*Asks:* 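Right, I'll just put the structure down here and ask away after.
Computed over heavy atoms, backbone and side chain alike; hydrogens, waters and symmetry mates excluded. Note that this is a predicted model, so its numbers are computed, not measured. Just so it is clear: chains get the letters A, B, ... in the order the sequence lines come, proteins before strands, and each one is counted from 1.
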Amino acid sequence: MKIATWNVNSIRTRQEQVLAWLQTNPVDVLCLQETKVNDPQFPRLPFENLGYHLYICGQKAYNGVAIFSRQPLEDITVGFAAILDENTVQSFDEQKRVIAGTIDGVRIINLYVPNGASVGSEKYLYKLGWLKLLKEYLQKTLEKTPNLCVCGDFNIALEDRDIHDPKGRENHIMASDAERQALKDILELGLADAFRKFNTESGQFSWWDYRAASFPRNKGWRIDHHYLSSSLYDQAKSCTIDKTPRKLEKPSDHTPVIVEL
DNA sequence: ATGGCCGGCGGTGCCGGA
């Protein structure tokens with residue numbers, strides 16, 4: 001089973017590219033982030049005509065997540081409140097960043113982790129609070145479903161080898177100590193990075209800034225991940241970054257990452 | 001040198017992204 005994750009930076013703007021990619025890469029499951037569209041306006045038909053079942057959780061202009069699956073998914077849930085009580089979740093479900101479903105006994109959780117703006121900002125504190133909630137959410141999930149694939153745009157580069165230039169990273173959003181520690185705390189629940197099972201090199205990125213010709217110079221960050229529970233990690237056959245869509249005209253700033261189980 | 005470049009929104013500038 002192949003599970004891909006791709007922050008498309010607007011599904012309506014990227015519709016044709018996603019369609020073309022799926023025709024060339026007929027993955028079993030595609031997890032999308034930053035769809036940036038309300039559910040009634042989501043362009044469902046072209047993807048359904050390709051043979052995918054769509055599960056979407058969006059909002060106007062910002063955020064939004066979706067899962068496309070060749071086989072129907074079971075137990076679809078959106079947001080943290082599907083598992084955690086409302087006093088714990090508070091207003092964190094207002095931004096649409098979490099959708100999950102089950103296929104062949106594998107629970108797939110698709111995440112769009114908050115960006116955080118800049119270290120120390122209000123949005124940064126929101127990001128850290130969101131990650132704390134995510135840990136509770138995943139802890140409860142693991143108690144029920146040990147076969148877990150948590151994927152998406154994490155907006156965190158966990159190690160210096162995941163950044164083209166780690167100089168000054170302590171004060172850079174996506175690489176500060178508190179962000180990395182929050183993610184490490186989550187992984188200690190029993191999750192491991194599928195990509196690093198197969199590739200230990202630096203210079204392997206999933207996002208490149210639109211500005212300053214970052215892509216042709218490979219000045220990127222690896223911030224899109226698949227984290228697998230131990231049983232799935234052992235089974236994983238490959239995990240690859242497909243840079244092809246990033247080379248197109250009007251690309252997303254992220255490119256797909258694919259794990260094969 | 002701390003910007004550049006995008007997408008969405010709503011109306012031709014600004015916010016958010018990372």
Side-chain angles (χ1 to χ4, degrees), chain A residues 5-19 31-43 56-66 91-92 94-98 110-131 134 151-180 182-183 202-225 241 243 245-257:
Chain A
T5 180
W6 190 3
N7 179 323
V8 289
N9 187 15
S10 170
I11 187 61
R12 287 177 292 183
T13 296
R14 228 62 67 193
Q15 177 179 323
E16 294 306 321
Q17 291 185 16
V18 176
L19 277 171
C31 295
L32 300 173
Q33 304 87 35
E34 280 206 274
T35 51
K36 292 187 172 179
V37 65
N38 266 325
D39 293 350
Q41 281 77 47
F42 196 103
I56 62 181
C57 177
Q59 65 183 91
K60 187 169 147 181
Y62 306 115
N63 311 313
V65 284
S91 62
F92 277 103
E94 286 176 10
Q95 299 179 16
K96 305 307 182 190
R97 299 177 176 278
V98 181
N110 175 23
L111 302 175
Y112 176 46
V113 176
N115 168 304
S118 59
V119 175
S121 67
E122 195 173 318
K123 286 176 182 162
Y124 180 77
L125 298 177
Y126 181 89
K127 182 178 193 175
L128 295 178
W130 194 95
L131 289 166
L134 176 63
C151 63
D153 176 3
F154 283 76
N155 274 320
I156 297 175
L158 195 57
E159 301 177 303
D160 287 353
R161 61 179 165 167
D162 300 322
I163 310 174
H164 68 90
D165 178 10
K167 183 167 59 68
R169 66 93 189 152
E170 294 90 345
N171 294 313
H172 198 297
I173 197 63
M174 304 189 291
S176 69
D177 287 335
E179 289 168 87
R180 286 183 170 182
L183 183 50
S202 60
Q204 309 296 305
F205 307 128
S206 63
W207 172 82
W208 299 261
D209 198 309
Y210 284 123
R211 298 168 293 186
S214 297
F215 182 67
R217 297 194 292 162
N218 199 30
K219 290 181 170 291
W221 293 59
R222 196 174 70 87
I223 55 177
D224 300 271
H225 308 297
I241 298 170
K243 290 168 73 169
R246 190 64 178 79
K247 301 171 184 172
L248 299 172
E249 291 286 323
K250 285 178 70 72
S252 168
D253 43 357
H254 297 250
T255 212
V257 186

*Asks:* Could you state the atom-to-atom distance from CD of Gln41(A) to P of dG8(B) in whole Å?
*Replies:* 13 Å
*Asks:* How many Å lie between CD on Glu34(A) and P on dG8(B), as a whole number?
*Replies:* 10 Å
*Asks:* Mind checking salt bridge (Lys or Arg N to Asp or Glu O under 4.0 Å) for Asp160(A) and listing every partner two or more places apart, or none if nothing turns up?
*Replies:* Arg169(A), Arg180(A)
*Asks:* Looking at every heavy atom in both Ser176(A) and Glu170(A), which two are closest together, and how far apart are they?
*Replies:* CB-O, 3.4 Å
*Asks:* For Arg222(A), what residues pass the salt bridge (Lys or Arg N to Asp or Glu O under 4.0 Å) criterion, not counting sequence neighbours?
*Replies:* Asp162(A), Asp193(A)
*Asks:* Side chain of Asp209(A), backbone of Ser214(A): donor and acceptor closer than 3.5 Å?
*Replies:* no
*Asks:* Would you mind reading off the distance between Asn155(A) atom CG and dG16(B) atom P, rounded to a whole angstrom?
*Replies:* 15 Å
*Asks:* With a 6.0 Å cut-off on ring centres, are Tyr126(A) and Phe92(A) close enough?
*Replies:* yes
*Asks:* In a check of side-chain hydrogen bond (donor to acceptor under 3.5 Å, both in side chains) between Asn7(A) and each of Asp153(A), Thr255(A), Thr35(A), which one passes?
*Replies:* Asp153(A)
*Asks:* Using atom CG of Leu32(A) as one end and atom P of dG7(B) as the other, report the distance to the nearest whole Å.
*Replies:* 16 Å
*Asks:* How many whole angstroms separate atom CG of Leu248(A) from atom C1' of dC6(B)?
*Replies:* 15 Å
*Asks:* Whole Å only: how far is the CD atom of Gln59(A) from the C1' atom of dG7(B)?
*Replies:* 14 Å
*Asks:* Distances under 3.5 Å between protein N/O atoms and the N/O atoms of nucleotides 10-15 of chain B, please, pair by pair.
*Replies:*
none

*Asks:* What are the atom names and distances for every N/O pair under 3.5 Å that joins the protein to nucleotides 3-5 of chain B?
*Replies:*
{"from": "dG4(B)", "atom 1": "N7", "to": "Arg211(A)", "atom 2": "NE", "distance (Å)": "3.1"}
{"from": "dG4(B)", "atom 1": "N7", "to": "Arg211(A)", "atom 2": "NH1", "distance (Å)": "2.8"}

*Asks:* For DNA chain B, determine which residues of residues 8-17 of chain A have any heavy atom closer than 4.0 angstrom to one of its atoms, and list them numerically.
*Replies:* Asn9(A), Ser10(A), Arg12(A), Thr13(A), Arg14(A)
*Asks:* His172(A) or Lys250(A): which one's nearest nucleotide on DNA chain B is closer to the 5' end?
*Replies:* Lys250(A)
*Asks:* According to the interplanar angle, ranging from 0 to 90°, do the rings of Trp221(A) and His172(A) count as parallel (below 30°), tilted (30 to 60°) or perpendicular (above 60°)?
*Replies:* tilted
*Asks:* Salt bridge (Lys or Arg N to Asp or Glu O under 4.0 Å) with Lys127(A): which residues, sequence neighbours excluded?
*Replies:* Glu179(A)
